[in-house]
2 protein chains.
Amino acid sequence: MTTPSVDERRTNTREQIRAIALELFAEQGYEKTSLREIAERLGVTKAAVYYHYRTKEEILASLLDEHVAGMDAIIEWAEAQPAGLATRRELLRRYSELLAGPSGSEDVPHLIRFLQESQTSIKELNSGAEMRKRFERVAALLVDRDAPLADQLRSRLSLAALHFGAFAFDQLPGTRRERIDAALEVSLELCCRGE
Amino acid sequence: MTTPSVDERRTNTREQIRAIALELFAEQGYEKTSLREIAERLGVTKAAVYYHYRTKEEILASLLDEHVAGMDAIIEWAEAQPAGLATRRELLRRYSELLAGPSGSEDVPHLIRFLQESQTSIKELNSGAEMRKRFERVAALLVDRDAPLADQLRSRLSLAALHFGAFAFDQLPGTRRERIDAALEVSLELCCRGE
DNA sequence: GTCTATACTGCGATAGAC
DNA sequence: GTCTATCGCAGTATAGAC
């Protein structure tokens with residue numbers, strides 16, 4: 001065992017900044033979280049954080065990009081399938097799994113809550129625009145382009161149901177697993193009633 | 001016709017600040033909107049705005065309080081009715097009307113969009129906590145306390161449907177009236193399937 | 001490569017002149 | 001009722017220690 005290599009330390013500090021930032025962003029919002037606060041928790045100065053990420057936005061963007069990659073994998077799969085009810089059901093199931101995240105960690109639910117509650121901060125970021133594009137592509141896969149307005153709304157709401165189930169710890173009872181399963185049930189009935 | 005009384009001018013300036021603030025908050029978020037920006041649009045300085053509202057939060061709170069009063073009227077009516085399907089349907093219809101706002105004005109939709117997208121900023125305000133209480137009371141009126149988790153979720157989503165219909169100009173086609181009517185349709189089927 | 005010291009601009013907020 | 005002046009802290013940025 002020698003001292004950690006430069007690469008290990010670098011990755012470590014960057015990861016730690018990401019983890020602390022996600023926690024604080026989810027708790028008190030993006031704008032109200034200061035770089036000084038993140039730096040203090042890590043035991044370094046503001047400028048040290050600034051070395052690893054060139055702006056505060058870049059920290060947020062790196063968090064969003066991870067979720068965008070997860071959505072891309074699902075979208076790529078769905079667009080290769082024949083359009084139809086079975087594909088839509090499986091698309092919702094896979095997106096539900098993505099939102100559940102690794103079973104021990106609250107990271108993904110925290111991110112989803114943050115996405116939902118801080119859209120104004122996120123909207124103007126490049127990474128935020130990328131996220132919205134993915135969201136629109138998933139919604140488009142769930143409903144015919146020329147379906148009635150009410151069906152368009154149902155497809156968006158079926159995604160909102162999954163998001164809400166993932167992060168609504170304090171508004172709904174049950175474990176996260178129970179909420180996510182109930183959300184998938186409601187989501188499926190919103191989007192996949194026999195057509 | 002004499003010169004305007006002090007009270008009239010005061011009310012006027014206060015109203016103008018509210019209108020400008022709501023527009024900017026909805027467009028670019030609460031945190032990113034500076035008092036200097038609001039003051040400049042009004043042709044005065046930052047400190048002049050501070051004469052009318054003691055803090056930036058107080059401007060936001062005065063916008064929220066107006067909507068809270070509208071919710072209170074609906075809640076008071078619903079709690080005086082016998083619990084049942086008919087009351088729930090009419091509750092959703094009345095809340096839908098509140099969200100539509102006066103037919104010529106976009107003020108209420110702007111406020112609803114802002115509420116939905118800036119929850120993190122609002123959550124820590126007193127007025128924000130009051131809003132959340134009202135929202136929970138409406139949700140409680142829409143579902144039995146000991147109903148299954150999926151039904152709890154449906155009641156929240158039926159409100160989310162109305163909110164989404166009111167402000168989703170850029171994500172859904174149709175006029176505001178069409179979107180609000182479609183949202184009410186989806187909302188009713190989420191919450192009021194024969195029980 | 002990683003961090004500290006330091007400084008710049010603009011923010012919300014306050015005090016006091018007119 | 002509105003202004004100028006000022007405060008402390010935010011995000012950003014650079015120079016240089018180790």
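Just so it is clear: chains get the letters A, B, ... in the order the sequence lines come, proteins before strands, and each one is counted from 1. Excluded from the calculations below are hydrogen atoms, water molecules and symmetry mates; all remaining heavy atoms, backbone and side chain alike, are included.
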Quiz item: So what does B/Thr45 hit on the nucleic acid, given a heavy-atom distance under 4.0 Å: a base, only sugar-phosphate, or nothing?
Solution: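 Touches a base.
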Quiz item: How would you list, by chain and number, every residue that makes a salt bridge (charged side-chain N to carboxylate O under 4.0 Å, His left out) with B/Glu57, sequence neighbours excluded?
Solution: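 Result, salt bridge (charged side-chain N to carboxylate O under 4.0 Å, His left out) vs B/Glu57: none returned.
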Quiz item: Can you list the residues that meet the salt bridge (charged side-chain N to carboxylate O under 4.0 Å, His left out) rule with B/Arg137, with sequence neighbours excluded?
Solution: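 So B/Arg137 forms a salt bridge (charged side-chain N to carboxylate O under 4.0 Å, His left out) with B/Glu79.
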When you measure from the side-chain N and O atoms of [X] to the phosphate of [N], is any distance below 4.0 Å, counting only OP1 and OP2?
X: A/His52; N: C/dG1; answer: no
X: B/Tyr51; N: D/dT2; answer: no
X: A/Arg36; N: D/dC9; answer: no

May I have the distance from [X] (atom [atom1]) to [N] (atom [atom2]), rounded to whole angstrom?
X: A/Ile17; N: C/dG1; atom1: CD1; atom2: C1'; answer: 14 Å
X: B/Tyr53; N: C/dG12; atom1: OH; atom2: C1'; answer: 17 Å
X: B/Ile38; N: C/dC11; atom1: CD1; atom2: C1'; answer: 13 Å
X: A/Arg14; N: C/dG1; atom1: CZ; atom2: C1'; answer: 13 Å
X: B/Gln16; N: D/dT2; atom1: CD; atom2: C1'; answer: 15 Å
X: B/Lys32; N: C/dG12; atom1: NZ; atom2: P; answer: 14 Å

My understanding is that only residues two or more places apart in sequence, or in another chain, count here; which of them pass side-chain hydrogen bond (donor to acceptor under 3.5 Å, both in side chains) with [X]?
X: B/Thr87; result: none
X: A/Glu58; result: none
X: B/Lys32; result: none
X: A/Glu90; result: A/Arg93, A/Arg94

Quiz prompt | salt bridge (Lys or Arg N to Asp or Glu O under 4.0 Å): pairs with one or both residues in residues 110-120 of chain A, sequence neighbours excluded | solution =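 Checked against salt bridge (Lys or Arg N to Asp or Glu O under 4.0 Å) - neighbours excluded - the pairs reaching residues 110-120 of chain A are A/Arg113-A/Glu117, A/Arg113-A/Asp170, A/Glu117-B/Lys123.
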Quiz item: Where along residues 119-127 of chain A does a heavy atom fall under 4.0 Å from DNA chain C?
Solution: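 Going residue by residue through residues 119-127 of chain A, none turns out to have a heavy atom under 4.0 Å of DNA chain C.
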Quiz item: Residues two or more places apart in sequence or in another chain: which of them pass ring-ring contact (aromatic ring centres under 6.0 Å, His included) with A/His163?
Solution: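 Checked A/His163 against ring-ring contact (aromatic ring centres under 6.0 Å, His included); matches are A/Tyr95, A/Phe135.
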Quiz item: Considering residues at least two apart in sequence or located in another chain, which fulfil the ring-ring contact (aromatic ring centres under 6.0 Å, His included) criterion with A/Phe25?
Solution: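 By the ring-ring contact (aromatic ring centres under 6.0 Å, His included) rule, A/Phe25 matches A/Tyr30, A/Phe114.
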Quiz item: If the sugar-phosphate is the primed atoms plus P, OP1 and OP2 and the base is the rest, what is the B/S/- string for nucleotides 12-18 of chain D, using protein heavy atoms under 4.0 Å?
Solution: BB-----
Quiz item: Does A/Arg176 reach the main-chain N or O of A/Phe169 with its side chain, forming a donor-acceptor pair under 3.5 Å?
Solution: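 No; zero donor-acceptor contacts below 3.5 Å.
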Quiz item: Honestly, is A/Arg14 close enough over A/Tyr53, meaning NZ or CZ under 6.0 Å from the six-membered ring centre and within 45° of the axis?
Solution: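 The answer is yes; both the distance and angle limits are met.
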Exercise. Grab the stems for DNA chain C, please: at least three consecutive Watson-Crick or wobble pairs, both distances below 3.5 Å, written as range with range.
Key: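 Stems for DNA chain C, defined as runs of 3 or more consecutive pairs: C:1-18 with D:1-18.
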